[in-house]
Amino acid sequence: SKTLEYIRKNCSQEKGGLKDKRTDKFLKAILPVHIYGHPADMDAFREIAVEYKRLRFLDSAQAHGAEYKGKKAGTLGDIAAFSFYFSKNLSAFGEGGAITTNNEKYADVIKKLREHGQSDKYRHEIIGYNSRLDELQAAVLRCKLKRLNQWNERRRKVASFYNNALKDLPVEIPKEAEWATHVYHLYVIRSQERDELVKYLKNNGIGCGMHYPIPSHLQKPMKKYGYEEGDLPETEKIAKEVISLPMHPHLSREDQCR
């Protein structure tokens, strides 16, 4: 994979582990992202994890119900994190999230971290946080979880309609790998005239967004790691072209046709 090629080219094995030659930082873990609801190619990341003996932390925040070769997101790595933010495929009444793992050691540490580092009441073993999911959020999520598959299927139907409607236009539509089940948290197209298209849509009363216009490596806090514009040309190119069209399971055919 391109990621593995990058690591072999820019990293070296040293006593402290795998070191990035550019930043002098050590690679501690691998973080694949199931972006927009489409699962990452986990076999490629597994190859990296096995070769370099690194954990795989999965960003599954946008992938509730997504599948990779028949396996659900959240079961594909060592640890996976989900978001229940109000716009997600599975959302709470307010803020919330969850972590999944099948490793008892990791689960034990995570449970302590979420409750001030406690192993028992008033017994703190590590520095932790107050990250417990309250009962109201849990109750809402339990009710909504029963409808997740139905809602995801509805998103897939909306995406199929968009695909057919846009296939002959000068835009790049989302692709679904043969090994994937896309749940379309977002429906993202690409256009070389992105800014003009966004203006046109908004002038005609069609909401749209840009996920994400500024790449992570060009954000201000990343400057200390030595990143500069041009370091990730494909990422930077895509960031200037992406447009998120309206997408949710209750989107009417009338609104889709606008």
Side-chain angles (χ1 to χ4, degrees), residues 1-3 5-6 31-41 44-45 58-66 73 83 85-89 91 151-152 154-178 180-223 225-258:
S1 70
K2 290 185 178 180
T3 306
E5 290 176 8
Y6 176 88
L31 181 61
V33 180
H34 301 318
I35 194 72
Y36 306 145
H38 191 290
D41 185 353
F45 285 107
L58 277 296
D59 182 345
S60 303
Q62 300 182 354
H64 311 77
S83 167
Y85 185 63
F86 80 92
S87 64
K88 296 298 189 287
N89 292 38
S91 60
W151 288 339
N152 280 343
R154 176 60 183 162
R155 287 174 181 268
R156 290 176 58 80
K157 288 181 179 178
V158 172
S160 178
F161 177 83
Y162 279 159
N163 288 342
N164 288 327
L166 301 174
K167 64 182 179 181
D168 295 324
L169 297 180
V171 297
E172 184 174 334
I173 61 178
K175 296 179 176 65
E176 182 179 57
E178 61 180 10
T181 300
H182 200 327
V183 292
Y184 293 97
H185 169 62
L186 296 170
Y187 185 90
V188 180
I189 63 173
R190 291 173 58 183
S191 171
Q192 294 182 9
E193 300 179 80
R194 191 267 306 278
D195 294 343
E196 291 81 359
L197 181 53
V198 167
K199 184 178 180 180
Y200 174 83
L201 292 172
K202 291 186 175 180
N203 286 342
N204 285 272
I206 300 173
C208 58
M210 288 175 273
H211 298 83
Y212 301 88
I214 305 175
S216 297
H217 71 288
L218 297 182
Q219 297 286 352
K220 185 177 179 180
M222 298 300 289
K223 288 185 177 180
Y225 297 108
Y227 287 105
E228 298 178 354
E229 188 170 356
D231 285 343
L232 299 176
E234 288 300 313
T235 298
E236 293 164 27
K237 180 176 184 293
I238 291 170
K240 295 176 181 177
E241 298 177 352
V242 289
I243 307 174
S244 300
L245 299 184
M247 169 57 76
H248 59 79
H250 311 297
L251 195 65
S252 68
R253 181 52 58 89
E254 180 182 358
D255 285 338
Q256 293 171 50
C257 291
R258 292 181 66 187

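This one's a predicted model, so the numbers in the text were calculated from it and none came from an experiment.
In this structure, NE2 on H64 lies 9.5 Å from CG on N152, to the nearest 0.5 angstrom. Atoms CG and CD, from L232 and E228 in turn, are 11.5 Å apart once rounded to the nearest 0.5 Å.
Counting all heavy atoms, side chain and backbone alike, V171 lies closest to L197 at CG1-CD2, 4.3 Å. Considering every non-hydrogen atom in both G226 and D231, the closest pair reads O-OD2, 3.9 Å. Residue H34 comes nearest to S60 through the heavy atom pair CD2-OG, 3.4 Å, listed as atom of the first residue, atom of the second, then distance.
Of the possible polar contacts, one joining the D59 side chain to the A61 backbone as a donor-acceptor pair under 3.5 Å is found. The backbone N or O of D255 sits less than 3.5 Å from a side-chain atom of S252, completing a donor-acceptor pair. Under the 3.5 Å distance criterion, the side-chain polar atoms of H185 are left unmatched by any main-chain donor or acceptor of A63. Using modelled atom types, no side-chain atom of Q62 and backbone atom of I35 make a donor-acceptor pair closer than 3.5 Å. The main-chain N or O of G65 is never found under 3.5 Å from a side-chain atom of N89 such that the two would form a donor-acceptor pair.
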For side chain to side chain contact (heavy atoms under 4.5 Å, CB included), just list the numbers for M210 and R194, CA-CA rounded to whole Å, side-chain angles, deciding distance to a tenth of an Å, and then say yes or no. CA-CA 9 Å; M210 288 175 273; R194 191 267 306 278; 3.4 Å; yes
Run the numbers on R155 and V158 for side chain to side chain contact (heavy atoms under 4.5 Å, CB included), then give the verdict. CA-CA 5 Å; R155 287 174 181 268; V158 172; 5.7 Å; no
Please evaluate residues C257 and F161 with respect to the criterion side chain to side chain contact (heavy atoms under 4.5 Å, CB included), reporting the C-alpha separation (whole Å), side-chain torsions for both, the decisive distance (0.1 Å), and the verdict. CA-CA 9 Å; C257 291; F161 177 83; 3.5 Å; yes
Could you walk me through whether E193 and E196 satisfy the side chain to side chain contact (heavy atoms under 4.5 Å, CB included) test, starting with their C-alpha distance in whole Å, then the side-chain angles of each, then the deciding distance to 0.1 Å, before giving a yes or no? CA-CA 6 Å; E193 300 179 80; E196 291 81 359; 3.7 Å; yes
From CA spacing to verdict: side-chain hydrogen bond (donor to acceptor under 3.5 Å, both in side chains), D195, Y200: CA-CA 9 Å; D195 294 343; Y200 174 83; over 6 Å; no
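The side-chain contact (heavy atoms from CB on, under 4.5 Å) search around K202 returns V198, C208, not counting sequence neighbours. Y85 meets the side-chain contact (heavy atoms from CB on, under 4.5 Å) test with S83, S87, K88, E95; sequence neighbours excluded.
For Q219, the CD atom is densely surrounded, since the number of other residues' heavy atoms within 6.0 Å is greater than 12. With a 6.0 Å radius and a threshold of 12 heavy atoms from other residues, nucleotides or ligands, E254 has its CD atom at or below the threshold. For CD1 of I214, the number of neighbouring non-hydrogen atoms (other residues, nucleotides, ligands) closer than 6.0 Å is 12 at most.
Y187 has its side chain within reach of I173: a pair of non-hydrogen atoms, C-beta onward, lies under 4.5 Å apart. Using a 4.5 Å heavy-atom threshold, the side chains of L218 and T235 count as separate.
A donor-acceptor pair shorter than 3.5 Å can be found between the side chains of E236 and H217.
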Under 3.5 Å, sequence neighbours excluded: what are the donor-acceptor pairs made by side chains of residues 239-249?
from	atom 1	to	atom 2	distance (Å)
E241	OE1	R190	NE	3.0
E241	OE1	R190	NH2	2.8
E241	OE2	K237	NZ	2.9
S244	OG	H211	ND1	2.7
H248	ND1	H250	N	3.1
H248	ND1	L251	N	3.2

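Cation-pi geometry between R156 and Y184 is not met: the NZ or CZ atom fails to fall both under 6.0 Å from the ring centre and inside 45° of the normal.
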